[in-house]
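The next block holds one structure in the form of structure tokens; read it before the comments.
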Number of protein chains: 2
Amino acid sequence: MQLGKGVEWTTHICTMLALLREGQGLSVDALAEFFEVPSAYLSKQMQLLRRAGIVESVRGKGGGYRLARSVDEITLLDIVIAIEGPMLAFRCTEIRQNGPCGLKRKDCKRPCEIASAFAVAEQTYRDALAAKTLASIMQEAAANSTPEHMLDIANWVSEQVS
Amino acid sequence: MQLGKGVEWTTHICTMLALLREGQGLSVDALAEFFEVPSAYLSKQMQLLRRAGIVESVRGKGGGYRLARSVDEITLLDIVIAIEGPMLAFRCTEIRQNGPCGLKRKDCKRPCEIASAFAVAEQTYRDALAAKTLASIMQEAAANSTPEHMLDIANWVSEQVS
DNA sequence: TTTTATCCGGATATTAAATGTCCGATTAAG
DNA sequence: CTTAATCGGACATTTAATATCCGGATAAAA
């Protein structure tokens, strides 16, 4: 049970995009270089974010990606669902309907107790992710970082958005 | 982010093993037939449960699997960890240390805010699974099932433990 | 208008993980 | 000794994750 690398990558990237001013954008190549991740593959992950409405893209020279809404309207759950899809981690294949004592389908309108228990647990997970906004992450990051490092990043950003 | 089929299979199987009396056991072949899952692969999953101390095995003729402890001492988390391993779903590859503004390793003793947030969320998931014992699942299952179906299963079990 | 930089989407390739099978060794009952 | 069962390792297959490439669209700048 593993989340794809895209979740880690794009979450960090969202914190970068949050530093941009109105009208600015960062290209996939710049972001890939910043984090040393493969550019072409990162491009695919960014497209997933775009289709989810988390970021928006500007095509053509000088284009790039930027956030599509404010940092307090983007949660970790939004990102996970954008990258991983909406399916639950627990896959119920209804094996209670199999074998010599298998139940009839009509008697299986409600999920079994096992599937229900996993669904409840996953909901707590999602609730926790939904409660964590990009805004709160950036606030914590700022509190734990040094002024020098934040300045480094600000300088790199301004070099990119030429 | 998907849990393996072994989690669903072995959880259902634990509820079957819970029906056995002292000294009885069920063979992998019997369990595989009961749920219509591939016997050889199920055998692998059962070995994982065994190494985790959830079930115990009896080799040789007449042998099989049975629970290694009582149903209120076996949780869904025990089963998930036995099958999937102890790793967290979110893999932090420390990309904050990469690229032109990468942090030095010595400045990364604490996990970053993103990794922390995912760790907190996963802990709520695990807490929920740890709170769900096999005992509570069987109680719910009994409440939602019919006497006929429970009798069907009891009869099948007694045929197997010859 | 041409060049350049960028996203977009599809196709493809590569790698890793999940799933599934097989077999020889071991163990215990009859 | 034969039979039935787990154990563990090796292997095979299938699927998912990761990664690359390219042609097309778009827009800015030269």
Side-chain angles (χ1 to χ4, degrees), chain A residues 1-10 13 17 20 23-33 35-52 54-66 68 80 83-85 87 89-91 93 95 159-162, chain B residues 1-10 13 17 20 23-33 35-52 54-66 68 80 82-85 87 89-91 93 95 160-162:
Chain A
M1 183 181 55
Q2 301 268 284
L3 291 166
K5 297 183 183 180
V7 173
E8 182 194 19
W9 299 353
T10 59
I13 281 171
L17 299 183
L20 297 175
Q24 293 181 327
L26 284 172
S27 73
V28 168
D29 281 349
L31 291 165
E33 199 185 340
F35 287 114
E36 289 185 63
V37 296
S39 170
Y41 187 43
L42 175 60
S43 172
K44 292 276 184 270
Q45 314 290 322
M46 293 305 294
Q47 286 176 39
L48 294 176
L49 284 197
R50 184 183 67 81
R51 285 178 209 145
I54 296 169
V55 300
E56 57 193 15
S57 62
V58 177
R59 293 169 73 155
K61 190 169 182 176
Y65 282 98
R66 60 180 171 226
V80 168
I83 301 293
E84 299 284 325
M87 288 128 46
F90 180 84
R91 291 173 287 172
T93 63
I95 61 175
E159 284 171 22
Q160 305 304 317
V161 293
S162 58
Chain B
M1 183 181 57
Q2 301 266 283
L3 291 166
K5 297 183 182 178
V7 173
E8 183 195 18
W9 297 355
T10 59
I13 281 172
L17 299 183
L20 296 175
Q24 293 180 327
L26 283 172
S27 73
V28 169
D29 281 350
L31 291 165
E33 198 185 341
F35 287 114
E36 288 185 62
V37 296
S39 169
Y41 188 42
L42 175 60
S43 173
K44 291 276 183 272
Q45 313 291 323
M46 293 306 293
Q47 286 175 39
L48 294 176
L49 285 197
R50 178 183 149 275
R51 284 177 209 144
I54 296 170
V55 301
E56 57 192 16
S57 62
V58 177
R59 292 171 73 156
K61 190 169 182 177
Y65 281 98
R66 60 181 170 226
V80 169
I83 301 293
E84 299 284 324
M87 288 127 46
F90 179 85
R91 290 173 289 173
T93 63
I95 61 174
Q160 304 305 316
V161 293
S162 57

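A, B, ... follow the sequence lines: proteins, then strands. Residue 1 opens every chain. Source: prediction; values computed, not measured.
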Rounded to whole Å, please give me the gap between CD in B:E84 and P in C:dA18. 7 Å
Covered region of DNA chain D, 5' end to 3' end, by chain B [heavy atoms, under 4.0 Å]: D:dT3 to D:dT18
Taking the side chain as C-beta and beyond, is there a heavy-atom pair between A:M46 and A:T10 under 4.5 Å? yes
Residues of residues 2-10 of chain B with a heavy atom under 4.0 Å from any atom of DNA chain D, listed by number, are none
Here the pair of heavy atoms bringing B:A82 nearest to B:L48 is O-CB, 3.7 Å
Side-chain heavy atoms of B:I83 within contact of B:Q45, under 4.5 Å: yes
A:I13 and A:L42, any side-chain heavy atoms less than 4.5 Å apart: yes
Can you check the A:M46 CE to C:dT6 C1' distance for me, whole Å? 13 Å
Rounded to the Å, how far apart are A:Q160 CD and C:dA5 P? 14 Å
Sorted by chain and number, sequence neighbours left out, side-chain contact (heavy atoms from CB on, under 4.5 Å) with A:E56 holds for A:R66, A:A68
Between protein and nucleotides 22-30 of chain C, map the contacts as a letter string: B base, S sugar-phosphate only, - none, heavy atoms under 4.0 Å, written 5' to 3'. ---BBBBB-
Hey, is the main chain of B:F90 close enough, under 3.5 Å, to the side chain of A:E8 for a donor-acceptor pair? no
Which residues satisfy the side-chain contact (heavy atoms from CB on, under 4.5 Å) test with B:R59, sequence neighbours excluded? none
Assign each of A:M1 and A:R50 to its nearest nucleotide of DNA chain C by heavy atoms, then name whichever residue's nucleotide is nearer the 5' end. A:R50
Got a list of side-chain donor-acceptor pairs under 3.5 Å for residues 23-33 of chain B, not counting sequence neighbours?
{"residue": "B:Q24", "atom": "OE1", "partner": "B:R21", "partner atom": "N", "Å": "2.8"}
{"residue": "B:S27", "atom": "OG", "partner": "B:A30", "partner atom": "N", "Å": "3.1"}
{"residue": "B:D29", "atom": "OD1", "partner": "B:S39", "partner atom": "OG", "Å": "2.6"}

Could you tell me which non-hydrogen atom of B:L20 sits nearest to which non-hydrogen atom of B:Y65, and how far apart they are? CD1-O, 3.9 Å
Between A:M87 and B:Q2, the two heavy atoms sitting closest are CE-NE2, 3.7 Å
